Amino acid sequence: QVQLVQSGGGSVQAGGSLTLSCAVSGLSYNSYVMGWIRQAPGKEREGVATTDSDGFPAYADSVRDRFTISLDNTRNTLYLQMNNLKPEDTAVYFCAARKSGGAWFFLKKPKDFDYWGQGTQVTVSS
């Protein structure tokens, strides 16, 4: 059974940095797609960054060059390093996974992930 447990998040001023972590269990690293999805109040869930077993990350245009997704296989942990945060990055952030798929496809279709973390709030003040 795939389980995702998130940590990190919190409040920061604009221009600051945060790192989100997601402990992953029950997922084979031979075939997977994992990612970070966010949902702001009153908005649809939005794919932020994804990565797949081919090793090619995908990023939303709004976070490219500011956010970095990475997977530490030895620690079974997915990370999202967020730099130069902006007030519009304020949202609940979820990690998500599927046992197969491509990073770009699921960046655009975040609702199709099968497994979800519990979510964590990120608040960026101006």
Side-chain angles (χ1 to χ4, degrees):
Q1 182 177 359
V2 177
Q3 290 188 323
L4 308 174
V5 179
Q6 297 179 224
S7 59
S11 298
V12 66
Q13 288 191 327
S17 298
L18 286 173
T19 301
L20 304 182
S21 301
C22 177
V24 181
S25 61
L27 188 69
S28 169
Y29 292 133
N30 291 327
S31 178
Y32 66 85
V33 55
M34 286 187 271
W36 292 95
I37 289 84
R38 68 187 180 188
Q39 188 166 22
K43 293 189 176 181
E44 294 284 322
R45 290 193 180 188
E46 172 193 21
V48 174
T50 52
T51 187
D52 60 30
S53 48
D54 289 333
F56 298 112
Y59 295 95
D61 290 342
S62 59
V63 307
R64 194 185 312 278
D65 298 329
R66 297 189 298 122
F67 291 10
T68 302
I69 187 171
S70 61
L71 174 65
D72 185 336
N73 289 359
T74 62
R75 297 185 177 184
N76 296 323
T77 303
L78 182 73
Y79 297 98
L80 184 68
Q81 175 66 42
M82 304 184 291
N83 298 325
N84 191 21
L85 282 159
K86 302 177 180 181
E88 51 263 44
D89 294 319
T90 295
V92 176
Y93 283 70
F94 299 89
C95 64
R98 269 182 61 106
K99 293 184 177 180
S100 63
W104 276 107
F105 182 87
F106 288 97
L107 182 74
K108 302 301 183 183
K109 293 184 175 291
K111 293 182 180 180
D112 288 349
F113 277 102
D114 292 328
Y115 306 101
W116 292 83
Q118 77 273 24
T120 187
Q121 177 71 43
V122 171
T123 302
V124 185
S125 58
S126 58

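The structure presented is a predicted model; accordingly, all values stated were derived computationally and were not measured.
- Nearest heavy-atom pair, Arg66 versus Asn84, reported as atom, atom and distance to 0.1 Å: NH1-O, 2.9 Å.
- Contacts classified as salt bridge (Lys or Arg N to Asp or Glu O under 4.0 Å) and involving residues 51-62 (residues at least two apart or in different chains) are given here: Asp61-Arg64.
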Which atom pairs, donor and acceptor, lie under 3.5 Å between side-chain atoms of residues 9-21 and protein residues at least two apart or in another chain?
| residue | atom | partner | partner atom | Å |
| --- | --- | --- | --- | --- |
| Ser17 | OG | Asn83 | OD1 | 3.0 |
| Thr19 | OG1 | Gln81 | OE1 | 2.5 |

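- The main-chain N or O of Gly35 is never found under 3.5 Å from a side-chain atom of Thr50 such that the two would form a donor-acceptor pair.
- Rounded to the nearest 0.5 Å, atoms CG (Leu27) and CE (Met34) are 5.5 Å apart.
- Residue pairs meeting the disulfide bond (SG atoms under 2.5 Å apart) criterion with at least one partner in residues 53-89, sequence neighbours excluded, are absent.
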Decide yes or no on side-chain contact (heavy atoms from CB on, under 4.5 Å) for Val63 and Met82, but give the supporting numbers first.
-> CA-CA 9 Å; Val63 307; Met82 304 184 291; over 6 Å; no
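- Legend: disulfide bond (SG atoms under 2.5 Å apart) pairs involving residues 96-126, not counting sequence neighbours: none detected.
- Checking side-chain atoms of Gln3 against main-chain N and O of Ser25 turns up no donor-acceptor pair under 3.5 Å.
- For CG of Asn73, the number of neighbouring non-hydrogen atoms (other residues, nucleotides, ligands) closer than 6.0 Å is greater than 12.
- Here the shortest heavy-atom pairing between Ser53 and Ser31 reads OG-CA, 3.5 Å.
- Evaluation of the ring pair (Phe, Tyr, Trp, His ring centres under 6.0 Å) rule for Phe56 yields no partner, not counting sequence neighbours.
- Under the 4.5 Å side-chain heavy-atom criterion for ILVMFWY residues, a single connected hydrophobic cluster contains both Leu85 and Val48.
- For residues 62-125, every residue pair satisfying the disulfide bond (SG atoms under 2.5 Å apart) rule, not counting sequence neighbours, is listed here: Cys22-Cys95.
- One hydrophobic cluster holds both Tyr32 and Leu4 under the rule that ILVMFWY side chains link at heavy-atom gaps under 4.5 Å.
- A salt bridge (Lys or Arg N to Asp or Glu O under 4.0 Å) check over residues 16-38, counting only residues at least two apart or in different chains, returns the pairs Arg38-Glu46, Arg38-Asp89.
- Hydrophobic side-chain contacts under 4.5 Å tie Trp104 into a cluster, directly or through other members, with Leu107.
- Residues Pro87 and Ser126 share a closest heavy-atom pair of CG-CB, 3.9 Å.
- Taking each heavy atom of Gln121 and Val92 in turn, the nearest pair found is OE1-CG2, 3.3 Å.
- Hydrophobic clustering, with ILVMFWY side chains joined whenever heavy atoms are under 4.5 angstrom apart, keeps Val33 apart from Tyr93.
- Applying the disulfide bond (SG atoms under 2.5 Å apart) test to pairs two or more places apart or on separate chains, none has a residue in residues 97-126.
- In this structure, the side-chain contact (heavy atoms from CB on, under 4.5 Å) partners of Ile69, at least two apart in sequence or on a different chain, are Trp36, Ala49, Thr51, Pro57, Tyr59, Leu78, Leu80.
- Hydrophobic cluster membership of Val5, counting Ile, Leu, Val, Met, Phe, Trp and Tyr whose side-chain heavy atoms lie under 4.5 Å apart directly or via other members: none, as it forms a cluster of its own.
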Carefully, step by step, assess Tyr29 and Asn76 under the rule side-chain contact (heavy atoms from CB on, under 4.5 Å).
-> CA-CA 9 Å; Tyr29 292 133; Asn76 296 323; 3.0 Å; yes
Compile the donor-acceptor pairs under 3.5 Å between side chains in residues 108-115 and protein atoms, sequence neighbours left out, one pair per line.
| residue | atom | partner | partner atom | Å |
| --- | --- | --- | --- | --- |
| Lys111 | NZ | Glu44 | OE1 | 2.7 |

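- Ile37 and Ala96 make their closest contact through CD1-CB, 3.9 Å (heavy atoms, listed as atom of the first residue, atom of the second, distance).
- Note that Arg98 lies outside the cation-pi zone of Phe106, set by a 6.0 Å cut-off to the ring centre and a 45° limit from the axis.
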